[in-house]
**Q** 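The structure's right below; bear with me while I get my questions together.
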Amino acid sequence: MTIFVPIMKIVILDGFTANPGDLSWTTLEEMGTLTVYDRTSPSETVARAAEADIVLTNKVILGKKEMELLPHLKYIGVLATGYNVVDIKAAHERGITVTNVPAYSTESVAQMVFAHLLTVTNRTEHYAQENRNGRWTNNKDFCYWDFPHMELSGKSFGIIGLGNIGQRVADIAHAFGMRVCAYTSKSESQLPSYVEKKSLTALFSECDVVSLHCPLTPDTHHLINRQTLQMMKPSAILINTGRGPLVDDQAVADALAEGRFAAFCADVLTEEPPKATNPLLTQPNAFITPHIAWASKEARIRLLQVAIDNVHSFLIGHPQNMV
């Protein structure tokens, strides 16, 4: 007797950022009929997903309105850790399984934190460009510098949120010889011996570097604002590789312009891509990268593998990484 197994229709709505062509979706093709779109606008979402049983999305929103128009939809796989692009309540009400990809980018994001920090303390890109322009060859002395250099050893590094990434950042800061402080819900007994638990006020006022690794919630929205910035040292460096809306962009730009703290480093902004009028883009002491901390090839390989494993687990009746 032949058992009929329906062929699932799989649609990837915005596959380009995770896989611009250097990786492969082949394994998904073996699980059903696969259609991959590089990008999908809101007006195209329903039409493109209309016949799909399985939809994978990175930043394309699947809200209640979209789900009501997608009667075949059984599964949504988010190609990221954050899943705010999906209306989870609406999905659950319709019996749609939703999964995400946790902890795939920990090493890459932690590395970006220190790429930003070293950009401020050592300015290697600035000097490399100056020397391409011939400055060193025409210099009167054997060396020159345009900025005061800061040694990290002995400085205090404050971390807000001590999850996977925050903990890895703590490890690296400790390896640099820094004093590590954290604002975290974990008890002191759960912390490594080198991490000092601090209140937010103490962390902002005492630390030479503050790095954001907490989730975005109503309580943490604009955690960095005029009031919290006033607590920081004039020499402090603020780093955000977490979520853009943790920071009030205008407040940070104003504080930088007034010299109230030294530098702001960010891989995320409130709106992405940002408007040309975003005040941080023209601040000389704001160092902004275009949300690429997660995007190393190694991290993207892990991302795709877990996303594909999530689909496979769903198809065999044992879904994993559900949200």
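Computed from a predicted model, the values in this text were never measured in an experiment.
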**Q** Salt-bridge test for Arg132 and Glu125: reply yes if a basic N is under 4.0 Å from a carboxylate O, no otherwise.
**A**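 Between Glu125 and Arg132 there is a salt bridge, with a charged N closer than 4.0 Å to a carboxylate O.
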**Q** Under 3.5 Å, side chain of Gln283 to main-chain N/O of Leu280, donor-acceptor pair present?
**A**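 Checked: no pair found.
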**Q** When you measure from the side chain of Ser199 to the backbone of Ala202, do you find a donor-acceptor pair of N or O atoms at a distance under 3.5 Å?
**A**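 Between the backbone of Ala202 and the side chain of Ser199 there is a qualifying donor-acceptor contact (under 3.5 Å).
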**Q** Is there a donor-acceptor pair under 3.5 Å between the side chain of Asp254 and the backbone N or O of Ala257?
**A**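 It does not hold such a pair.
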**Q** Can you confirm if the NZ or CZ of Arg179 lies within 45° of the ring axis of Phe157 and under 6.0 Å from the centre of its six-membered ring?
**A**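 Relative to the ring axis of Phe157, which defines the angle, Arg179 lies outside at least one limit.
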**Q** Do Gln305 and Arg302 get their side chains close enough for a donor-acceptor pair, meaning under 3.5 Å?
**A**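 Short answer, no.
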**Q** Given side chain to side chain contact (heavy atoms under 4.5 Å, CB included), test Cys265 with Ile237 step by step and report yes or no.
**A** CA-CA 8 Å; Cys265 305; Ile237 299 166; 4.2 Å; yes
**Q** Give a yes-or-no answer on whether the side chains of His126 and Thr124 include a donor-acceptor pair shorter than 3.5 Å.
**A**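 Checked: His126/Thr124 side chains show no N/O donor-acceptor pair below 3.5 Å.
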**Q** So, does Ser313 use its side chain to make a donor-acceptor pair with the main chain of Asn310 at under 3.5 Å?
**A**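 No, the answer is negative, given that no donor and acceptor are paired below the 3.5 Å cut-off.
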**Q** Flag the pair Arg226 / Asp248 as yes when at least one side-chain heavy-atom distance between them is below 4.5 Å, and no otherwise.
**A**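 No, too far: nothing below the 4.5 Å cut-off.
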**Q** I would like to know whether Phe147 and Tyr127 meet side chain to side chain contact (heavy atoms under 4.5 Å, CB included); could you show each step before the answer?
**A** CA-CA 10 Å; Phe147 304 93; Tyr127 292 112; 3.9 Å; yes
**Q** Using the side-chain contact (heavy atoms from CB on, under 4.5 Å) criterion, which residues pair with Asp87? Sequence neighbours excluded.
**A**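 Residues passing side-chain contact (heavy atoms from CB on, under 4.5 Å) with Asp87: Lys64, Met67, Lys89, Ala90.
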**Q** Would you find more than 12 non-hydrogen atoms of other residues, nucleotides or ligands less than 6.0 Å from His291 atom NE2?
**A**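 Count over threshold, so yes.
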**Q** For the pair His222 (side chain) and Asp249 (backbone), establish whether a donor and an acceptor sit closer than 3.5 Å, ignoring hydrogens and angles.
**A**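 Checked: no pair found.
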**Q** Taking atom types as modelled, find out whether Glu30 and Thr27 have a side-chain donor-acceptor pair closer than 3.5 angstrom.
**A**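 Absent: no donor and acceptor within the cut-off.
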**Q** Under a 4.0 Å threshold between the charged nitrogen and the carboxylate oxygen, would Arg300 count as salt-bridged to Asp22?
**A**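 A salt bridge is present here (some side-chain N lies under 4.0 Å from a carboxylate O).
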**Q** Indicate whether any N or O donor in one side chain lies under 3.5 Å from an N or O acceptor in the other, for Asn164 and Thr106.
**A**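 Per modelled atom types, Asn164 and Thr106 side chains form no pair under 3.5 Å.
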**Q** Is there a donor-acceptor pair under 3.5 Å between the side chain of Lys197 and the backbone N or O of Lys186?
**A**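 Here the side-chain-to-backbone pair exists.
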**Q** Compile the donor-acceptor pairs under 3.5 Å between side chains in residues 70-83 and protein atoms, sequence neighbours left out, one pair per line.
**A**
unit_1 : atom_1 : unit_2 : atom_2 : d
Lys74  : NZ     : Asp53  : OD1    : 2.6
Lys74  : NZ     : His72  : O      : 3.3
Tyr75  : OH     : Thr99  : OG1    : 2.6
Thr81  : OG1    : Val101 : O      : 2.7

**Q** Whether the side chain of Glu66 engages the backbone of Gly63 through a donor-acceptor N/O pair (distance < 3.5 Å, no angle test) should be reported.
**A**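 It does hold such a pair.
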**Q** Given 3.5 Å as the limit, does a donor-acceptor pair link the side chain of Thr220 with the main chain of Leu223, or not?
**A**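 Not confirmed, Thr220 side chain does not pair with Leu223 backbone.
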**Q** Using atom types as modelled and distance alone, determine if a side-chain donor or acceptor of Ser156 lies under 3.5 Å from a backbone N or O of Glu206.
**A**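 Checking the backbone N and O of Glu206 against the side chain of Ser156, a donor-acceptor pair under 3.5 Å is found.
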**Q** Okay, side chain of Asp267, backbone of Ile292: is any donor-acceptor separation there less than 3.5 Å?
**A**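 Side chain of Asp267 to backbone of Ile292: a pair is present.
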**Q** Between Tyr104 and Trp294, is there a side-chain heavy-atom distance shorter than 4.5 Å?
**A**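 Side chain of Trp294 against side chain of Tyr104, heavy atoms only: contact under 4.5 Å found.
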**Q** May I ask you to say whether Lys233 pairs ionically with Asp208, meaning some side-chain N is under 4.0 Å from a carboxylate O?
**A**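 Judged by the 4.0 Å cut-off on N to carboxylate O distance, Lys233 and Asp208 do form a salt bridge.
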**Q** For Ser43 and Ser41, does a side-chain donor sit closer than 3.5 Å to a side-chain acceptor?
**A**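 A donor-acceptor contact under 3.5 Å links the two side chains.
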**Q** Return the CD1 to CD distance between Ile172 and Glu107, rounded to the nearest 0.5 Å.
**A**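 Between Ile172 CD1 and Glu107 CD, I get 6.5 Å after rounding to 0.5 Å.
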**Q** Taking atom types as modelled, find out whether Thr121 and His149 have a side-chain donor-acceptor pair closer than 3.5 angstrom.
**A**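 Not at all, the side chains of Thr121 and His149 share no donor-acceptor pair under 3.5 Å.
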**Q** Using the ring pair (Phe, Tyr, Trp, His ring centres under 6.0 Å) rule, take Tyr37 and Phe16 through it: C-alpha gap first, then chi angles, then the decisive distance, then the call.
**A** CA-CA 8 Å; Tyr37 297 100; Phe16 184 81; over 10 Å; no
